[in-house]
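To keep things clear, I will list the structure first and then write my remarks on it.
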Amino acid sequence: MLKRHQIFGNVYHVLWTILLVAFVAVGARQVWIGPNETIVIHSTPFASTDAFFEAYFHAPNGSQHCLEIMRRLYGKGAIVFFCPPQTWRGDLSFALISYLSWPQQIGKVQVQPADLEQRVRSLDRSSTAAVIFCDLQPPAGFTAGWPLGDRLFIVPFPSPK
Amino acid sequence: MNPLIPASGAVLMILAAGFGASVLFLRRAPRIAVAELIVLSWLFGTLVVSFGLWLLGMGLRGASLHVAVTVVCFASAITGILFLRRGKQRLHLPRPKNWFESFLALLICLEVAIVFFLAFKNSLGWDGLLIWEVKARYAFLNGGAVPAAYFSDTSRIYSHTEYPLYLPMLETWVYFWTGDCDQYSVKLIFPIFYVAGILLLAQAGTAWSGKRWIGLLVANLFFFVPFLTCAEGGVLQGYADVPISVVYLAAFYFLSIFARENSRTALETFVALGASLPWIKRDGIVLWFVLVVCGVWIIWRRNGILPAILSVLPGICVIAGWQVYLRQMDLRAPGDFLPMTLPVLISNFDRLVPVTRLLLKEATTMKHWSLLWYLTPIAFLCLMWRNRSERAVVLLICTTLPLALDCAIYLFSSWPDYLHHVRFSLPRLVLQVAPLAMLSVASALAPRQMPVSNKRAA
């Protein structure tokens, strides 16, 4: 009886050993692959925002650039951010610019490209400091401004000379 | 100067604050395990600093707030040293008994080193940066307190203005020491939670199995859970889910010690850690609720109804305190959830099957969990079959009930596509109970006869 108990105990632990080895093997493979999918950072104060700007908008040193622009706009009114509806680039760039521009008021407008011009022209220019276009072609008359990255464009009101 | 040097100062102050609090909580224990002391020093330290900055920040700003919280940390550390010198407790640092335990301990050191290395190579994730760190940045720029205008800023609702400030206040603390917002050096705090999790799992696994090698083995598994180690939401990305999972494990561990030894030390520590869960993340209310349900039952059976009721109060105070604060701040954030009413429940009841299906799909995603959620049901079956005990049942409840409640809460999701809401957040909810699942594996590996007197150190 005792022998049977011992055999059973040994089988039990052998089975668990197999399961745990499989666990480690699968896990090790995924951990090895995992970090390669994430964004590498440098040791700078804006390590993560810079990494996002560079990875998704091809804008090196994007945080400092964005901060410099926002400093010029601060106190002159709200900023309106235009992007196509439901795009992750629109969400990400709005969040990054909004993150960096505190306490600047910034509102997001999701708009179809066909409706963009009408929406921009209907803005109250006296209370708007700038408009930002993400993945949208700026309408005629709104092409003088500062590019912040790939298809990310800031147009101040009034336009810079 | 390398900003990691002052950031390390911030970490040391957190440990100092937590050391005093830990010794205070463990003052009646005959001996204190060094691993437990380190883990509790970190967890209590983070709580002292985050609560301290939040509460003192209502009246103080800038350097005076920094100095005030530093004084609290020093005072706590000195109190701890005095208690330790006056008391008769012994510090207990177990050494590996054989080559296998030494090998497992070395592996843990290697894994921790890899996690530290990777943490400083990878950016903060979306939530890490745009939900948690953003609050820390705005708080630091405002002298240490999150500006009142932030809570009513509808253009920044993407950052979940209603989320509690445990992690942001810790990050603000690091910024006080580095002198500026620094997205690089702030990453230092996250691998420390990982270390705390590994140490605690080793300790709890040893206590539950009665064998130190099993504790060390299960602690090693921590590294091989891909979602925990390297996925979005894991330890590298600066999310709150790894910290909350570690605190949940710690609270559960001390509840299990109380259940076994009827120790007042364990009871007080459990209550304090459990009450802090809603302060770490909104989802912490679910984890706190589950612990409270189990805790009240266990405390009632051992010490009567009054201590059981009293054990609930700290958590209620934390939840109510935060809600009062949000009302004072004129919060204007649309919720992710509909009002929890019977008509909503009935009308959305058909969501239950798709949500459960997604939970099963997530649990069996090896890219996230390796074989963890395949092994966990096997471990629980083994536990129930070999060692049917109250604490095994409590472990089962504390591992599964939060997931069941989380699934039920999705019935009230206000997202237009509720399945997107589930897919988006469910993996992180699963992560919160993953350390308990690992503890079930440790228990299943234990020899059939549990030792009469368990070798818990404290």
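Below, chains carry the letters A, B, ... as their sequence lines are ordered, and counting in each starts from 1. What you are looking at is a predicted structure, and each value in this text was computed from that prediction instead of being measured.
Using a 4.5 Å heavy-atom cutoff, the side chains of A/Trp16 and B/Cys382 are in contact. Contact of the B/Asp153 side chain with the A/Gln105 side chain is registered, since non-hydrogen atoms from C-beta on lie closer than 4.5 Å.
Among A/Leu20, A/Thr44, A/Val24, the residue making the largest number of heavy-atom pairs under 4.5 Å with chain B is A/Val24. The greatest number of non-hydrogen atom pairs below 4.5 Å with chain B, out of A/Ala95, A/Ala22, A/Pro103, is found for A/Ala95. Note: B/Leu221 leads B/Thr178, B/Leu221, B/Asn220, B/Thr229 in heavy-atom pairs under 4.5 Å with chain A. Comparing A/Trp102, A/Tyr12, A/Phe46 by how many heavy-atom pairs each has under 4.5 Å with chain B, the most go to A/Trp102. The residue among A/Arg29, A/Lys108, A/Gln104 with the most heavy atom pairs within less than 4.5 Å of chain B is A/Gln104.
Using a 4.5 Å cut-off between non-hydrogen atoms, the part of residues 52-60 of chain A that approaches chain B consists of A/Phe52. The interface of residues 128-138 of chain B with chain A, defined by heavy-atom distances below 4.5 Å, comprises B/Leu129, B/Leu130, B/Glu133, B/Val134, B/Arg137, B/Tyr138. For a heavy-atom cut-off of 4.5 Å, chain B lies close to A/Asp91, A/Leu92, A/Phe94 in residues 71-94 of chain A. Interface residues of residues 110-124 of chain A toward chain B, defined by a heavy-atom distance below 4.5 Å: none.
Residue contact with chain B, scored on non-hydrogen atoms closer than 4.5 Å, involves the side chain of A/Ala51 exclusively. Contact of A/Thr17 with chain B is not made at all, since no heavy-atom distance falls under 4.5 Å.
Atom OG of residue A/Ser43 and atom CG of residue B/Asn2 lie 7.0 Å apart, to the nearest 0.5 angstrom.
Looking at B/Thr172, its side chain does come within 3.5 Å of a backbone N or O of B/Pro168 through a donor-acceptor pair.
A/Thr49 and B/Gln183 share a donor-acceptor pair across their side chains, judged by distance under 3.5 Å alone. A side-chain donor from one of B/Arg156 and A/Ser98 sits under 3.5 Å from a side-chain acceptor of the other. Donor-acceptor pairing under 3.5 Å is recorded for the side chains of A/Asp50 and A/Ser63.
A/Ile41 and A/Ala47 make their closest contact through CG2-O, 3.5 Å (heavy atoms, listed as atom of the first residue, atom of the second, distance). What you find for B/Val235 and B/Tyr194 is that their closest heavy atoms are CG2-CB, 3.7 Å.
The pair B/Arg428-B/Asp127 counts as a salt bridge, with a side-chain nitrogen and a carboxylate oxygen less than 4.0 angstrom apart.
Aromatic ring orientation, B/His160 versus B/Tyr163: parallel (interplanar angle below 30°, classes split at 30° and 60°).
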